[in-house]
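Some notes on the structure that comes next.
Values below: every heavy atom of this structure, side chains too, minus hydrogens, waters and symmetry copies. Counting starts at 1 for both ligands and their atoms, following the listed order. Residue numbers start at 1 and run along the sequence shown.
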Amino acid sequence: MDRMKGSARLMIVSDLDHTMVDHHDPENLSLLRFNALWEAKYREDSLLVFSTGRSLTLYKELRKEKPMLTPDITIMSVGTEITYGNSMTPDDGWVEILNQKWDKKIVLVEASKHPELTLQPETEQRPHKVSFYIKKDKAAEVTKALSECFVKHGLDVKIIYSGGIDLDILPQGAGKGQALAYLLKTLRAKGKLPKNTLACGDSGNDAELFSIPEVYGVMVSNAQEELLQWHAANAKDNPNIIHATERCAGGIIQAIGHFNLGPNISPRDVTDLSDTNLEKFDPAYEVVKFYLFFERWRRAEAEKSEIYLSNLKAVCGPCGFYVHPSGFEKPLHDCVDALRQCYGDKQGKHYRIWVDQVFSTQVSSDIWIVRFKKWEISGEEQSGCLTTALLSSKDASISQGLTWLQVHQTWLTGASASDQALWFF
Ligand code: GLC
Ligand code: MG
């Protein structure tokens, strides 16, 4: 978050399972729509925070399975672990706060006296989180008994029931809401309090996110009963919290529009990508748009028209070069010609492209360097490369868009494509 000099325009704090990520959509369309919107319109001046119940181990698994963006801040294990940036540097100050009136050993011993509780896998047992599974009809009774018993031991704990199955025991000062409050306090102290914050969730452990003052909230349409009940009892008159009519990331986009937090039309929802009223040259939008066209071309969702190819040639500098991640180089115009052959080669197949962490730097009055990760999923295989592109606005009008002068790619660790000949741009 230190990459930004001032306050974020928008900070999105989102749960992952069944909120950002729709496990019932094998095509991941709402997530991909969100990704395109975020990278085109928000990445440079806004903050993306993932707040999940998962431990680092399970979080990494999810990232391998789903086309997820890289967040600026990650809050894991139900608000007990906060990390920053790509290096995931832990916030040690937060850990200290959680040690108060907490004793994991006592929690484990007392919980083991309740046969209704089944311990979750070892990866989900964390220094400040002990987690079980329990059936819905037993949850309230066991929660009550445990709470009374922990008070007798002088502990101050919080018991949270989520998804109609998971029971987490945490220090009282932990949880997704407290972690968000701590984050806001830290940002405020640095003079970087976001202009707007939007919390997004679907289940019990997300309820706390919606009780932080001055934060907008969206419960996605598919929210769990326990969250809706909490809302009805505690926040039903709060106009800053909505229950979306759209599922998962679709509900997040809907909330951005509802609360007027900024652009809310994903480039993925725009059919004619040339028809945009840009006010200035916009390298991030250019990158998102370019790869969307590419995906549509290969899926045969764009019309097979020479006009597209000649337009593309017009925005590729005549002397421009493409450096393939495996090392060879070829003129950009040859790359455009190669596209002719691959029209529709992914039609009806599982094939998607998305870009992550698109950052641009204006290096002179008419030149930008844009850096981003370009990912492709093709069938079962996911490949990605770090991309640097040099874009120019020389002799171009805003509506024509920027010219691509050079594109240089390097495989991301462990993510090279098995058929490198089929990797373009
Ligand atoms: C995630 C975690 C699990 C936790 C649940 C609810 O599924 O892996 O340990 O109980 O979220 O917070
Ligand atoms: Mg969830």
For this session: Could you tell me how the ring of W297 sits relative to the ring of Y308: parallel (under 30°), tilted (30 to 60°) or perpendicular (over 60°)?
Result: perpendicular

Exercise. Are side-chain N/O atoms of W423 and Q409 paired as donor and acceptor at under 3.5 Å?
Worked result: yes

Exercise. Are there more than 12 heavy atoms of other residues, nucleotides or ligands under 6.0 Å from atom CZ of R371?
Worked result: no

For this session: Give a yes or no on whether the ring-centroid distance for W354 and Y291 is below 6.0 angstrom.
Result: no

Problem set entry | Protein contact of atom 9 (O) of ligand 1 - nearest heavy atom, named by residue and atom, plus distance | Q120 OE1, 2.5 Å

Problem set entry | Nearest protein heavy atom with distance in Å, relative to atom 1 (C) of ligand 1 | G53 C, 3.5 Å

Problem set entry | Identity and distance of the protein heavy atom lying nearest atom 6 (C) of ligand 1 | D168 OD2, 3.3 Å

Exercise. Closer than 2.8 Å to the Mg ion (ligand 2), which protein N, O or S atoms?
Worked result: D15 OD2, D17 O, D202 OD1

For this session: Pull out every atom of ligand 1 sitting under 4.0 Å from any heavy atom of V78, numbered as shown with elements.
Result: 12 (O)

Problem set entry | Residues S162 and Q224: side-chain donor-acceptor under 3.5 angstrom | no

For this session: Using the six-membered ring wherever Trp is involved, compare the ring planes of H324 and W411 and label them parallel, tilted or perpendicular (cut-offs 30° and 60°).
Result: perpendicular

For this session: Using a strict 4.0 Å cut-off to heavy atoms of N205, name the atoms of ligand 1 that fall inside it.
Result: 6 (C), 12 (O)

Exercise. Got an N/O contact under 3.5 Å between K129 and ligand 1?
Worked result: yes

Seminar exercise, completed: re atom 8 (O) of ligand 1, the protein heavy-atom contact at minimum distance is E124 OE1, 2.6 Å

Problem set entry | Point-to-point distance, once rounded to the nearest 0.5 Å, from CG of L184 to CD1 of I212 | 7.5 Å

Seminar exercise, completed: Per-atom filter on ligand 1: closer than 4.0 angstrom to a heavy atom of R54 are 1 (C), 2 (C), 8 (O)

Seminar exercise, completed: Closest to atom 5 (C) of ligand 1 among protein heavy atoms sits D166 OD2, 3.5 Å

For this session: May I ask you to test the W375-N35 pair for a side-chain heavy-atom distance under 4.5 Å?
Result: no

For this session: With Y343 as reference, evaluate E303, R299, K304 under the side chain to side chain contact (heavy atoms under 4.5 Å, CB included) test and give the passing residue.
Result: K304

Exercise. Going by the atom numbers of ligand 1, which of them fall below 4.0 Å from some non-hydrogen atom of S131?
Worked result: 9 (O), 10 (O)

For this session: Have a look at P171 and tell me which of V107, N99, L98, D103 forms a side chain to side chain contact (heavy atoms under 4.5 Å, CB included) with it.
Result: L98

For this session: Identify the residue among F372, Y285, W404 that makes a ring pair (Phe, Tyr, Trp, His ring centres under 6.0 Å) with F290.
Result: W404

